[in-house]
Amino acid sequence: MCPPDYYGIEYEINPWMSRSQQSDPEVARQQWESLYQVLNSLNARIELLTPVKGLPDLVFTANAGLIWKERVFLALFRHEARQGETPVDQEWFQDAGFETIEMPDDYFFEGAGDALFCGETLFAGYLIRSDVRAMQWVAEKMNCRVIPLQLVDDFYYHLDTCFCPLSETEAIYYPPAFDEYGQQALKEHVPHLIPVVEKEAQRFACNAVVIGKSVALNTGCPQLEKDLNQLGYETYSTPLDEFIKAGGSAKCLTLRLDGECAAVWP
Ligand code: ARG
């Protein structure tokens, strides 16, 4: 995670962001700390990235890259506004002992924001931020199956805003964020899909952090919490409204250093 010292709405690169709707630094700090506490109480060991002035979205560490064992595929951000984050992330990863892999030129790739494992299959959101060829390139290197999913709603511009794997066979999703083909592909590959309603998708219900049978998410998603409880998951909601102003929530504020598919690695 990266503390929100320099977080703010300094540019507009998704429909949630509006410079005229600034975040409150004090409240953002409190909300970030509460999320940190929730994850900490779930026994997550949290490493911190030092915030950098002029990189307001650095808090959204999910986009730093995709972790693969001891390696990380670094992001290549589509928008120039975020491209300065990559050298900062790269340095952090190298200091932490990860081998960093850079994307080929013009292969836009926004890390774990768009690339999520469900079981051994990589689900890859593309078009709005990441490129489909970038996803294919990454999957080829990992030698894994990739299911490309076109994102069709600008409000759900990263895959982790509309899809959240819970286990090898279960995931949360917001159907209208995908085209017919994508919805079909999800149904074919994930036996238990939990749809969220529009009102809760707008509260970033799909942007949850899953740790075993515990799920941390934004407030305002009672239906999803009920569905998760019924499936045996404990839910921990904590307000993250200040980050929704930039188009992010719980999951975006974290990056799993043990990878998105730690459970299935040999
Ligand atoms: N303002 C950031 C952007 O538009 C938010 C990133 C949210 N991250 C995520 N993994 N969905 O890039």
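Only a predicted model underlies this, so the values are computations on that prediction, with no experimental measurement involved. Ligands are counted one by one from 1 in listed order, and the atoms in each one are counted from 1 as well. Note: hydrogens, waters and symmetry copies are ignored here, and every other heavy atom, side chains too, is used.
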Q: Give a yes/no on ligand 1: does Arg129 have at least one heavy atom closer than 4.0 angstrom to it?
A: yes
Q. Hey, does Trp16 sit under 4.0 Å from ligand 1 if you only count heavy atoms?
A. no
Q) Is the shortest heavy-atom distance from the side chain of Phe155 to the side chain of Pro15 under 4.5 Å? A) yes
Q: Could you see which bit of Tyr157 sits under 4.0 Å from ligand 1, with heavy atoms only: side chain, backbone, both or neither?
A: side chain
**Q.** Region of Glu110 that comes within reach of ligand 1 [heavy atoms, distance under 4.0 Å]
**A.** neither
Per-atom contacts of ligand 1 with [X], taking only distances under 4.0 Å to non-hydrogen atoms:
X      : result
Ile13  : 3 (C), 4 (O), 12 (O)
Met17  : 1 (N)
Asn14  : 1 (N), 3 (C), 4 (O)
Asp57  : 1 (N), 2 (C), 3 (C)
Gly113 : 10 (N)

(Q) Using a plain distance cutoff, I'd like to know if Ala246 has any nitrogen or oxygen under 3.5 Å from a nitrogen or oxygen of ligand 1. (A) yes
Q. If you measure every N/O of Asn63 against every N/O of ligand 1, is any gap under 3.5 Å?
A. yes
Q. Quick one: side chain to side chain donor-acceptor pair (under 3.5 Å) partners of Gln223, sequence neighbours excluded?
A. Asp227
Q: Taking the six-membered ring for Trp and the single ring otherwise, decide whether the centroids of Tyr156 and Tyr174 are under 6.0 Å apart.
A: yes
Q. How about Trp16 and Phe204: are their ring centroids closer than 6.0 Å?
A. yes
(Q) Between Glu242 and Asp24 (side chain of the first, backbone of the second, donor and acceptor by atom type, cut-off under 3.5 Å), is there such a pair? (A) yes
Q | Sidechain-backbone polar pair: Glu12 side chain, Arg19 backbone, donor-acceptor under 3.5 Å | A | yes
Q) Hey, are Glu85 and Arg82 close enough for a salt bridge, meaning a charged N less than 4.0 Å from a carboxylate O? A) yes
Q) Is the closest basic N to carboxylate O distance between Lys53 and Asp5 below 4.0 Å? A) no
(Q) My understanding is that only one of Arg133, Lys141, Glu140 makes a side chain to side chain contact (heavy atoms under 4.5 Å, CB included) with Trp137; could you say which? (A) Lys141
So which protein heavy atom does [atom] come closest to, and at what separation?
atom                    : value
atom 9 (C) of ligand 1  : Cys252 SG, 2.9 Å
atom 10 (N) of ligand 1 : Asp160 OD2, 2.7 Å
atom 6 (C) of ligand 1  : Arg82 NH1, 3.3 Å

